[in-house]
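Let me begin by presenting the structure, written as structure tokens, before commenting on it.
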Number of protein chains: 2
Amino acid sequence: MATDSSPPAGSADPVASALTEIMLAVFRVNGRLLEQGDRLVAPLALTSARWQVLGAVALAGEPLSAPQIAEAMGVTRQGAQKQLNALEAAGMFARHPNPRHRRSPLYALTDLGQRTFTEAMALQQGWATRLSDGLQMQELQATLRLLDRLYERLGRQGDTP
Amino acid sequence: MATDSSPPAGSADPVASALTEIMLAVFRVNGRLLEQGDRLVAPLALTSARWQVLGAVALAGEPLSAPQIAEAMGVTRQGAQKQLNALEAAGMFARHPNPRHRRSPLYALTDLGQRTFTEAMALQQGWATRLSDGLQMQELQATLRLLDRLYERLGRQGDTP
DNA sequence: CCATATATGGAAACTGGTTGTCAATCTACG
DNA sequence: CGTAGATTGACAACCAGTTTCCATATATGG
């Protein structure tokens, strides 16, 4: 536990206080998801970050350039590039010539990369099934809706600097 | 947006798929919360991490040692120490002799540290109020409950290595 | 009283991400 | 054409956190 920090949270506005508690809950859950996600795919020589890169290209269904992968992942170009370089060294990606840009290769999954991603998906499926046991579809959907609304609001707020 | 990665998510078990989407939503929301939290307290020369250290000591109400602060924050001893060193250099913490351990000082908020934390709390209050406008108390509570349940499950699962 | 075990701080290396700079490439406009 | 601006990859510096290793302080037990 430990990640308490539970602030007074009850100064005045109870709705704001509830939201503050949700923020803290998101931090806690995020931490554990990353931790267990890493553990889940460690046997495949993957981390959560690299798994996500595989996913971006696998779901696109075609080779992508580094900037395209970065955009799909929601990280910076350089951040994605780091993982791409590592995954290429690990034999999960191969560079293909990019007809549209000489210096910017397209990254394609190798057989190993494709196989690894498929295995990771299977692991994830099992994990989510185990984890969701006994949860109500309705409450899951309600939570997802609220998180999405929150995400949208957080986006708009930050887009006006 | 961009952080799509929306996986097939519909292989078989719809509840597991919904949970998978919640996981992805948690990642997205977490990212934006950190981003905006940093922005929120930047005028106070704080980051989210340092704000959290101030909070740990402020809420304890008494000087704490580095390991105690680390435990309160849910991070490692060395991680907390890094921020403590930085905050001491910034004049927000002062070391006091620890009667119980010569090498392990107690860290106390200076006036500046106390003032800064109070201001950060005020900013956070306003932020949460703005962000929660129009949200229903009931849905916030339902979401908080689900996230807490999820956190608990994630904890138990990982505690058995 | 001493010996071993544990707690602690410090430093370094690592992960994953960011920003910034530079040079090379592309693109678009004049 | 040709040049100005936007993309892009490589590299370096940084933030936040982790693990690991070492040296010292403290605690416990013989």
Side-chain angles (χ1 to χ4, degrees), chain A residues 2-3 27-28 30-39 41-42 45-54 56 63-71 73-90 93 95-107 158 161, chain B residues 2-3 27-28 30-39 41-42 45-54 56 64-90 93 95-107 158 161:
Chain A
T3 309
F27 292 148
R28 286 192 296 263
N30 181 75
R32 290 216 172 154
L33 284 176
L34 285 183
E35 180 187 323
Q36 303 225 5
D38 278 343
R39 197 175 311 181
V41 294
L46 283 182
T47 62
S48 292
R50 295 183 188 174
W51 176 15
Q52 205 188 344
V53 177
L54 289 185
L64 298 177
S65 69
Q68 287 174 320
I69 293 168
E71 206 215 330
M73 292 174 62
V75 302
T76 60
R77 178 171 61 88
Q78 296 86 335
Q81 188 78 54
K82 263 195 192 178
Q83 303 304 336
L84 279 170
N85 292 342
L87 285 165
E88 192 197 355
F93 273 108
R95 298 162 98 119
H96 289 199
N98 182 351
R100 303 180 50 188
H101 200 302
R102 196 189 312 168
R103 284 186 58 199
S104 189
L106 299 176
Y107 292 86
Chain B
T3 309
F27 293 147
R28 287 192 294 263
N30 181 75
R32 289 216 173 153
L33 285 177
L34 285 183
E35 179 186 324
Q36 304 223 5
D38 278 342
R39 197 175 312 182
V41 294
L46 284 182
T47 62
S48 293
R50 295 185 188 173
W51 176 14
Q52 206 189 343
V53 178
L54 289 184
L64 298 178
S65 69
Q68 286 174 321
I69 293 168
E71 207 215 329
M73 291 174 63
V75 302
T76 60
R77 180 173 59 87
Q78 295 86 334
Q81 186 78 53
K82 263 195 192 177
Q83 303 304 335
L84 280 169
N85 293 342
L87 284 165
E88 192 198 354
F93 274 108
R95 297 161 99 118
H96 289 200
N98 182 351
R100 303 181 49 186
H101 199 303
R102 197 188 311 168
R103 284 186 59 198
S104 189
L106 298 175
Y107 292 87

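Within every chain, numbering begins at 1; the chains are lettered A, B, ... in the order of the sequence lines, protein sequences first and strands thereafter.
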Scan B:T47 against the nucleic acid and name what it touches under 4.0 Å (heavy atoms): base, sugar-phosphate only, or nothing. sugar-phosphate
Test your reading of the model: is there a side-chain donor-acceptor pair from A:D38 to the backbone of A:S48, 3.5 Å cut-off? yes
Separation of A:N85 atom CG from D:dC11 atom C1', in whole Å? 11 Å
Please give, in whole Å, the distance from D:dA16 P to B:M73 CE? 10 Å
Expressed as a whole number of angstroms, how long is the span from A:R39:CZ to D:dT18:P? 14 Å
Could you give the distance from CG (A:L46) to CH2 (A:W51), rounded to the nearest 0.5 Å? 9.0 Å
Round to a whole Å and report the spacing from CD of B:Q81 to C1' of D:dT18. 15 Å
In whole angstroms, the gap separating C1' of D:dG17 from CG of A:L34 amounts to 12 Å
Exactly one candidate in A:L106, A:I69, A:N98 meets side-chain contact (heavy atoms from CB on, under 4.5 Å) with A:P63; the answer is A:L106
For the residue pair B:F27 and A:L34, establish whether any side-chain heavy-atom pair is separated by less than 4.5 Å. yes
Test B:N85 against every option in B:Q83, B:E88, B:Q81 by the side chain to side chain donor-acceptor pair (under 3.5 Å) rule and name the one that passes. B:Q81
Atom pair CZ (B:R28) and CG (B:L33), whose distance is rounded to the nearest 0.5 Å: 13.0 Å
Could you state the atom-to-atom distance from NZ of B:K82 to P of D:dC14 in whole Å? 13 Å
Does A:R77 or A:D38 map to a spot on DNA chain C nearer the 5' end, using the closest nucleotide for each? A:D38
If only side-chain N and O atoms of A:Q68 are considered, is one of them under 4.0 Å from the OP1 or OP2 phosphate oxygen of D:dT8? no
D:dT20 base / B:Q78 side chain donor-acceptor hit below 3.5 Å: yes
Sugar-phosphate only, base, or nothing, as touched by A:S65 at under 4.0 Å among non-hydrogen atoms: nothing
Footprint ends on DNA chain C, 5' to 3', for atoms under 4.0 angstrom from a heavy atom of chain B, come out as C:dT8 to C:dA11
Is there a side-chain contact between B:Q68 and B:Y107 in this structure, where contact means two heavy atoms from C-beta onward sitting under 4.5 Å apart? no
Do any of residues 96-103 of chain A sit with a heavy atom less than 4.0 Å from DNA chain D, and if so which? A:H101, A:R103
With rounding to the nearest 0.5 Å, note down the distance linking CZ in B:R39 to OG1 in B:T47. 14.5 Å
Once you apply a heavy-atom cut-off of 4.0 Å, does B:S104 come out as touching a base, just sugar-phosphate, or nothing? sugar-phosphate
Atom pair distance, as rounded to whole Å: CD in A:E35 and C1' in D:dT19: 14 Å
Separation between OG (B:S65) and CZ (B:R77), nearest 0.5 Å, reads 10.5 Å
